[in-house]
Amino acid sequence: MRTQVGIVGGGPEGLLLARLLGRAGIECIALERRTPEYLRARIRAGLLEQGTVDILTQAGVGDRLARERLIHDGLEIAFDGKRHRIDLKALSGKVVTIYGQAEVQKDLMDAHDAMGTEIVYEADDVSLHGLTSDTPRLRYSKGGQTHEITCDFIAGCDGFHGVSRQAIPQDVVRIYERVYPFGWLGMLSDTTPVNHELIYTNHERGFALCTMRSLTRSRYYLQVSADEDVDDWSDDRFWTELRRRIPADAAAVLQTGPSLEKSVAPLRSFVAEPLRYGRLFLAGDSAHIVPPTGAKGLNLAVTDVRFLTEALVAFYKSGQSDLLDGYSDRCLARVWKAQRFSWWMTNLTHRFPEALPFERRAQGAELAYLVGSKAAQTALAENYVGLPLG
Ligand code: FAD
Ligand code: DHB
């Protein structure tokens, strides 16, 4: 088989790239190891920056998003039992969108089904070959048969645990990493969200986040230890713990109900540089991970895809390779700003088991400074809604 761009991974990045390339008349094949049913049900991110909404709309998958999304003008930060609103719109001129990643995934899959894009689901043993040649190859097995695709370029959109980054010789990649000593336990339920905007709470028992997927579907997260077993958390235990952490006026109106999903995610900051090796380009979580606190992971990955699409379109339409050559640096400039923000927001809102009394007091002072300073709130707001593309 032959194609122009071979894509590893059929998550939101792989499918968005396939969609943008397809609409630009560039051939591609995407290999995804999971089933379509699994992908449609996978619960992850919930908050989209306006830049992400814009590119999804340009990709022709913005209709249901425009109808069903919730627009948030602000958020709340809570500590010492009190809630403080940060007016994102007044401070930055921009708003954010609540629309689940599972919905983005479904919209992209439906659009590809209609367009007839070649997406191979349940592709096993994907491997990458000849990356420094002009004809890199993807090999995979399906239904007991091995297949090979010869490509002009390969896009590694296979997430943190994928094979693309591993295909780069270790001596040419620089890894920057911080693993946090806790994780997030997430729970989804068909209950009315406790507040019409998100509440990020710093509490002595640990961080809690109240978010949502719709006006009738809540999503809550609790800081737990990194090796927490989700089976130890009954619904009752989750609701009791959440009620203890969030401010009393919110706890008083918290609606509880059976969970639809519960899972634990570890928290990590990670960057692999550069994002290119020969004809392989990494995009999204395959190259970088942020702790979820700043809601940046999916948004950052979408920007990589946007830059990669521009570079590939310039190459195929006018033979220009300068955007391909500049791809890694262009992404990294933005990635590091999002890393800094996500790390800062995690430090601000979480309880670190090893924190010195000094650090705990300094964290309290940082929170007090934030809610008392328009300058500090503006800095939070402009990062949270998404920095300009640059
Ligand atoms: P993935 O979604 O991981 O997709 C990679 C795909 O590649 C998968 O479908 C996988 O099955 C496939 N794959 C892997 N290995 C192989 C292989 N060997 N062969 C073939 N296919 C393979 N981000 C935000 O922007 N906003 C938020 O509000 C937010 N909240 C979050 C909350 C939580 C609890 C978590 C865990 C994450 C959150 N994120 C958020 C981050 C966001 O979910 C990720 O950044 C996003 O999924 C990255 O997309 P991706 O396509 O790069 O990777
Ligand atoms: C969601 C997740 C986040 O990490 C965040 O900061 C905001 C929202 C969510 O799942 O809705």
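Counting starts at 1 for both ligands and their atoms, following the listed order.
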Inset, instruction - May I ask you to say whether R361 pairs ionically with E366, meaning some side-chain N is under 4.0 Å from a carboxylate O? - result: no

Inset, instruction - Using a 4.5 Å cut-off on heavy atoms from C-beta on, say whether the side chain of D152 contacts that of Y316. - result: yes

Legend entry - Proximity flag P12 to ligand 1, non-hydrogen atoms under 4.0 Å: yes

Legend entry - Numbering as shown, the atoms of ligand 1 that approach G297 to under 4.0 Å (heavy-atom distance): 23 (N), 24 (C), 25 (O), 41 (C), 45 (O)

Legend entry - Test of proximity, S286 against ligand 1: N or O pairs below 3.5 Å: no

Inset, instruction - Validate the cation-pi geometry between R237 and W233: distance from NZ or CZ to the six-membered ring centre under 6.0 Å, angle to the ring axis within 45°. - result: yes

Legend entry - Partner of V385 under side chain to side chain contact (heavy atoms under 4.5 Å, CB included), chosen from H72, Q50, K94, K89: K94

Inset, instruction - If you have a sec, work out which protein heavy atom is nearest atom 44 (C) of ligand 1 and how many Å separate them, to one decimal? - result: D285 OD2, 3.3 Å

Inset, instruction - Salt-bridge test for R33 and E122: reply yes if a basic N is under 4.0 Å from a carboxylate O, no otherwise. - result: no

Inset, instruction - Could you please provide the protein residues found below 4.0 Å of ligand 2 on a heavy-atom basis, arranged by chain and number? - result: R44, G46, W184, L198, Y200, L209, T211, R213, Y221, P292, T293, A295

Inset, instruction - Give the ring-plane orientation class for H147 versus Y140, where under 30° counts as parallel, over 60° as perpendicular and anything between as tilted. - result: parallel

Legend entry - R40/D107 ion pair, N-O < 4.0 Å: no

Inset, instruction - Using a 4.0 Å heavy-atom threshold (strictly under), name the region of K296 that reaches ligand 1: side chain, backbone, both or neither. - result: backbone

Inset, instruction - Starting at OG of S225, measure out to CZ of F182 and round the result to the nearest 0.5 Å. - result: 11.5 Å

Legend entry - Nearest non-hydrogen protein atom, atom 4 (O) of ligand 1: G11 CA, 3.8 Å

Legend entry - Identity and separation of the nearest protein heavy atom to atom 30 (N) of ligand 1: A45 CA, 3.3 Å

Legend entry - Sub-4.0 Å atoms of ligand 1 with respect to non-hydrogen atoms of L31: 20 (C), 21 (N)

Legend entry - Euclidean distance, I55 CD1 relative to L20 CG, rounded to 0.5 Å: 5.0 Å

Legend entry - Sidechain N-carboxylate O distance under 4.0 Å for K317, E310: no

Inset, instruction - Indicate, as side chain, backbone, both or neither, the part of N299 found under 4.0 angstrom from ligand 1 when only non-hydrogen atoms are considered. - result: both

Inset, instruction - Assess the pair Y220 and F238: is the distance between their ring centroids shorter than 6.0 Å? - result: no

Inset, instruction - Please find out if less than 6.0 Å separates the ring center of F160 from that of H288. - result: no

Legend entry - R42 touching ligand 1 at heavy-atom level, < 4.0 angstrom: yes

Legend entry - Residue and atom name of the nearest protein heavy atom (relative to atom 25 (O) of ligand 1), distance in Å to one decimal: L298 N, 2.6 Å

Legend entry - Protein heavy-atom partner closest to atom 53 (O) of ligand 1 - residue, atom, separation in Å: G159 CA, 3.8 Å

Legend entry - Mode of T211 contact toward ligand 1 - side chain, backbone, both, neither (heavy atoms, under 4.0 Å): neither

Inset, instruction - Please assess L308 against L312 for the test side chain to side chain contact (heavy atoms under 4.5 Å, CB included), listing each intermediate value before the final yes or no. - result: CA-CA 6 Å; L308 186 55; L312 289 167; 3.9 Å; yes

Legend entry - For atom 14 (C) of ligand 1, the protein heavy atom that lies nearest, with its residue and separation: D158 O, 3.1 Å

Inset, instruction - Run the contact test for Y221 against ligand 1 with a 4.0 Å cut-off on heavy atoms, strictly below, and give the result. - result: yes

Inset, instruction - Compute the minimum heavy-atom distance from C157 to ligand 1 and say whether it is under 4.0 Å. - result: yes

Inset, instruction - List every atom of ligand 1 that sits less than 4.0 Å from any heavy atom of R34, numbering the atoms from 1 in the order shown and giving each element. - result: 11 (O)

Inset, instruction - Identify, by atom number and element, the atoms of ligand 1 in contact range of G46, meaning under 4.0 Å from any of its heavy atoms. - result: 27 (C), 28 (O)

Inset, instruction - Look at atom 18 (N) of ligand 1 and find which of L209, V163, L282, L16 reaches it with the closest heavy atom. - result: V163

Inset, instruction - Flag the pair W336 / Y176 as yes when their ring centroid distance falls below 6.0 Å, and as no otherwise. - result: yes

Legend entry - For G162, atoms of ligand 1 separated by under 4.0 Å from a heavy atom: 15 (N)

Inset, instruction - Using the six-membered ring wherever Trp is involved, compare the ring planes of F207 and H350 and label them parallel, tilted or perpendicular (cut-offs 30° and 60°). - result: parallel

Legend entry - Side-chain ion pair, E177 and R268, N-O less than 4.0 Å: yes

Inset, instruction - For A295, counting its heavy atoms only, list the atoms of ligand 1 lying under 4.0 Å from any of them. - result: 24 (C), 25 (O), 26 (N), 27 (C), 28 (O)

Inset, instruction - Identify, for atom 49 (O) of ligand 1, the protein heavy atom at the shortest distance, and state residue, atom and that distance. - result: E13 OE2, 3.4 Å

Inset, instruction - Among all protein heavy atoms, pick out the one at the shortest distance from atom 21 (N) of ligand 1; state its residue, atom name and that distance to 0.1 Å. - result: R33 N, 3.3 Å

Inset, instruction - Under 4.0 Å from a heavy atom of G284: give me the atoms of ligand 1 that qualify, with their elements. - result: 52 (O)

Inset, instruction - Using a strict cut-off of less than 4.0 Å between a Lys/Arg side-chain nitrogen and an Asp/Glu carboxylate oxygen, indicate whether D235 and K262 qualify as a salt bridge. - result: yes

Inset, instruction - Could you name the option among R44, E32, Q166 that has the heavy atom nearest to atom 1 (P) of ligand 1? - result: R44

Inset, instruction - Measure from NZ or CZ of R69 to the centre of the six-membered ring of Y99 and say whether it is under 6.0 Å with the direction within 45° of the ring axis. - result: no

Legend entry - L39: numbered ligand 1 atoms lying under 4.0 Å from its heavy atoms: 9 (O)

Legend entry - Over-ring placement of R276 relative to F281, 6.0 Å and 45° cut-offs: no

